[in-house]
Visitor: 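One structure coming up, written as structure tokens, with questions to follow.
Within every chain, numbering begins at 1; the chains are lettered A, B, ... in the order of the sequence lines, protein sequences first and strands thereafter. Please read these numbers as outputs of a predicted model, since none were measured by experiment.
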Protein chains: 2
Amino acid sequence: MKKAGACGNDPDTQLSSYFHLSWSTNRVANSSATIRDVAKLAELSVASVSRVLNGHGNVHADTRKRVLKAMDTLGYVPNAAARSLSTARSHAIGIVLPDLHGEFFSELVRGMDMAASDANYMMLLSTMHADRERAIQALSAMRGRIDGAIVMAPQLSPEDLRRALPAGSPAVLVNSPEEDGQHHNLRIDNRGGVTLMVRHLLASGRKRIVHLAGVAENLDAVERKQAFCDTMKALAPELPVRVLDGDFTDTGAELLVQQLLASGEEFDAIFAANDMMALGALKVLRTIGISVPGQVAVAGFDDIPLASFLDLTTMRIEISDFGKRAVERLVAELSNDAPPATLERVTPTLITRATTASG
Amino acid sequence: MKKAGACGNDPDTQLSSYFHLSWSTNRVANSSATIRDVAKLAELSVASVSRVLNGHGNVHADTRKRVLKAMDTLGYVPNAAARSLSTARSHAIGIVLPDLHGEFFSELVRGMDMAASDANYMMLLSTMHADRERAIQALSAMRGRIDGAIVMAPQLSPEDLRRALPAGSPAVLVNSPEEDGQHHNLRIDNRGGVTLMVRHLLASGRKRIVHLAGVAENLDAVERKQAFCDTMKALAPELPVRVLDGDFTDTGAELLVQQLLASGEEFDAIFAANDMMALGALKVLRTIGISVPGQVAVAGFDDIPLASFLDLTTMRIEISDFGKRAVERLVAELSNDAPPATLERVTPTLITRATTASG
DNA sequence: CTGAAAGCGCTTACAG
DNA sequence: CTGAAAGCGCTTACAG
């Protein structure tokens, strides 16, 4: 046997060490201590305990100290339900999302979590709400548990929202169709993104750009397609505007490109409405032996991890930022210092990579 | 201009239709209706309303009907906080996760959500808890809001858990090091997975298998590495056991493989501790012009989406199933009908693809 | 099968 | 600055 590599038990590989506990040590493991217990121990009224708990100013320094000490020795944690019942505030926000995949989901939630924990809110999450009824149910189920909601449910009308949410409770929409003036709506600037990409393709000398559109029911797909048509007409009225209707999947795109090739129609660029379709196109082109970007440039939209891995030119959407902004806006509304609700567009960035680089 | 593709506004592309509202129509938009209001309208006591609300048997059919009608006309939804305060049950579970990426996160949460909504529990989610302190804080912050928790925090000791959780409140661990007999612990069967893969590589005639290990602090990485060594010794004691210490990243793996190639050492298979490293290895081998799987077989672990896209042999972990099982177990504990806590291993499946197929 | 009443653990005017 | 007391909206023995 040759060198045995790094096998064997490495004594340094202690997975965790439980020594330096930095928590208070004199606690009694009694999680059911109530505010009354604290008051009794501190020889004060519950009102005073409540005051220090809530950081009210009008408390004597000594009182505060006694309360804090009592809380510590009892390991007191206020009961959130009781607090919520008293204040009519839960300090939680509801998040209702559809069945998002991979990075979209994780990045969105990551951004939301950052903003939420910064503002001291908890997140009540509910996912998988493909249709309107289920989204409404999910939202209704949160009533009384949340102070507001972030809703990503393109199928929901403002009217639906009004029904599902407690009256007057704020909500921020993400990628929703409607602007009703009531709810802030955060969306992708598809037009801006498409314009950047079309301009890039034209600048690199492409004359026959084919757009692979996404699912016809999808808001972004529709906007991207329309924006493609408009931009082409505006920037290069002499060129043909070619669109193939796809379904956002790589396999669907493969079929489309195969058909396109079979038809003998000429093209020197494919701009897909999302990265998966662009990758499907790429696969077919490479299999056939068409050089990319030599003969045909390929571009997508989203900048999923696969895109950078396979060096695909695309439009990057900062998804975590999206989630962060949504929560920040909601928190502002909860604090009553939000500007009027509008449709807010987040513009993606052009990421130029090998599949369009003319070099 | 040639055929214009499918541009233009398609009138069928109505994004949503808001007509067939299936909700009750006679509701008054008064979300602050309380159980007392319902009782008053139904001319009954709040106790009766509460009984039908909770589906208790001892209610006259007519009474039930009157209550339901009143609830409907008032658009009544019970206040969760009040309920929770009374019953000492929140019907929510806390989920504390580290900074997981992409599919891991989304699939895990998806599985949890499925199980949770099936059991009528809400999910209070908190992520990004890299270190012990933050995980403890996140968990503590949930006190009084949850009935139990799912915790994925390898750094947390059973003692930490006991501190952060309310006394006696159940928790299920995911991928945690300890078994304390108190908490159920769900983990990947790394040994089983590695054995399957090593057997597969040996069966396809590989003699010099190099294992790219993962981050040394990672539980799974350690187990996989150890399992690789053990399995090799057990199944093929005459063969060399070669391990290179990597870091779970593709770029890290690229460096390792480049060094390996430069060293002139012979090898005919690379078994990486995760897919990203396998893909990094693949990239280098292909760039150099080494045929895969002809000269060198490559295999990973995890079955991330990239793996199927790039036809990589790997071990598939059903992550959503993982999340689902964790919640189901927790719910069972909450219902007091869970078998004793154990260390439960979920075995991954071998997915044979082009990078090892000898055909 | 139904109702009056106590209690869950907090917060917050209201007096002092 | 502090305390006694009412109230948040439910549930649940306890009588009837």
Visitor: Give one of base, sugar-phosphate or nothing for Ser50(B), where a contact means two heavy atoms less than 4.0 Å apart.
Guide: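 Base contact.
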
Visitor: Return the value, rounded to whole Å, for the distance between atom CD1 of Ile35(B) and atom P of dG9(D).
Guide: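 So the two atoms are 11 Å apart, to the nearest Å.
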
Visitor: Looking only at atom types and distance, does a side-chain atom of Ser48(A) sit under 3.5 Å from a main-chain N or O of Leu44(A), one as donor and one as acceptor?
Guide: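 Looks like no, no N/O pair under 3.5 Å.
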
Visitor: Hey, could you give me the CE/CE distance between Met112(B) and Met152(B), rounded to the nearest 0.5 Å?
Guide: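 These two atoms lie 8.0 Å from each other.
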
Visitor: What I'd like to find out is whether the side chain of Thr34(A) reaches to under 4.5 Å of the side chain of Asn79(A), using heavy atoms alone.
Guide: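 A side-chain contact is absent here, since even the closest heavy-atom pair is not under 4.5 Å.
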
Visitor: Just the rounded figure in Å: distance from P of dC10(D) to CZ of Arg145(A).
Guide: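 That distance rounds to 13 Å.
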
Visitor: For DNA chain D, whose closest nucleotide is more 5', that of Asn79(B) or that of Arg51(B)?
Guide: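 This one resolves to Asn79(B).
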
Visitor: Side chain of Leu44(A), heavy atoms from C-beta onward: which of dG9(D), dG3(D), dG9(C) has the nearest atom to it?
Guide: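 For Leu44(A), the side-chain atoms sit closest to dG3(D).
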
Visitor: Whole angstrom is fine here: how far is it from CZ in Arg66(A) over to C1' in dC1(D)?
Guide: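 Computing the Arg66(A):CZ to dC1(D):C1' distance gives 12 Å.
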
Visitor: 5'-most contact on DNA chain C: Thr87(B) or Val46(B), nearest heavy atom basis?
Guide: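 So the residue in question is Val46(B).
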
Visitor: Taking the C1' atom of each, how far is dT12(D) from dG16(D), in whole Å?
Guide: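 It comes out at 16 Å once rounded to the nearest Å.
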
Visitor: In whole angstroms, how far is the C1' atom of dG3(C) from the NZ atom of Lys40(B)?
Guide: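 For the pair Lys40(B) NZ and dG3(C) C1', the rounded distance is 15 Å.
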
Visitor: Figure out the CZ/P separation between Arg36(A) and dC8(C), and round it to whole Å.
Guide: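 The distance from CZ of Arg36(A) to P of dC8(C) comes to 7 Å, rounded to the nearest Å.
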
Visitor: Relative to the 5' end of DNA chain D, which residue comes earlier, Glu43(A) or Ser86(A), by the nucleotide with the nearest heavy atom?
Guide: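 Its nearest nucleotide being more 5', the pick is Glu43(A).
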
Visitor: Check this for me: does any side-chain nitrogen of one of Glu344(B) and Arg325(B) sit under 4.0 Å from a carboxylate oxygen of the other?
Guide: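 Salt bridge present between Glu344(B) and Arg325(B).
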
Visitor: Taking CG from Leu85(B) and C1' from dG7(C), how many angstroms apart are they, rounded to a whole number?
Guide: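 After rounding, the gap between these two atoms is 9 Å.
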
Visitor: Does Ser48(A) make a side-chain N or O approach to OP1 or OP2 of dG3(D) shorter than 4.0 Å?
Guide: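 So the side-chain polar atoms of Ser48(A) do come within 4.0 Å of the phosphate oxygens OP1 or OP2 of dG3(D), strictly under.
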
Visitor: Measure CG/Leu74(A) against C1'/dG9(C) and give the value in whole Å, please.
Guide: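 Interatomic distance, CG of Leu74(A) to C1' of dG9(C): 15 Å.
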
Visitor: From Met123(A) CE over to Leu124(B) CG, what is the distance, rounded to the nearest 0.5 angstrom?
Guide: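 One gets 8.5 Å once the value is rounded to the nearest 0.5 Å.
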
Visitor: Within the pair Arg83(A) and dT11(C), is there a side-chain N or O less than 4.0 Å away from OP1 or OP2?
Guide: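 For Arg83(A), the contact criterion (side-chain N or O under 4.0 Å from OP1 or OP2 of dT11(C)) is met.
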
Visitor: So which atom in Tyr76(A) and which in Ile35(A) form the shortest heavy-atom distance, rounded to 0.1 Å?
Guide: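 That would be CE1-N, 3.5 Å.
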
Visitor: Which range-with-range stems can be found for DNA chain D when each stem has 3 or more Watson-Crick or G-U pairs in a row and both distances sit under 3.5 Å?
Guide: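 The stems are C:1-3 with D:14-16, C:5-12 with D:5-12, C:14-16 with D:1-3.
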
Visitor: In Å, rounded to the nearest 0.5 Å, how long is the span from OG of Ser126(A) to CG of Leu139(A)?
Guide: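 Going from the OG atom of Ser126(A) to the CG atom of Leu139(A) covers 9.0 Å.
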
Visitor: Distance-only, no hydrogens or angles: does the Asn54(A) side chain make a donor-acceptor pair with backbone N or O of His56(A) under 3.5 Å?
Guide: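 Not confirmed, Asn54(A) side chain does not pair with His56(A) backbone.
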
Visitor: What closest approach, in Å, do Ser176(B) and Val151(B) show between heavy atoms, and which atom pair accounts for it?
Guide: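 Looking at all heavy atoms of both residues, the closest pair is OG-O, 4.2 Å.
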
Visitor: Please report the distance, rounded to the nearest Å, between CZ in Arg89(A) and P in dG9(D).
Guide: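 The distance from CZ of Arg89(A) to P of dG9(D) comes to 16 Å, rounded to the nearest Å.
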
Visitor: Among residues 54-65 of chain B, which ones have heavy-atom contacts with DNA chain D below 4.0 Å?
Guide: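 By residue number: Asn54(B), His56(B).
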
Visitor: From Leu330(A) CG over to Ile93(A) CD1, what is the distance, rounded to the nearest 0.5 angstrom?
Guide: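 So the gap between those two atoms works out to 5.5 Å.
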
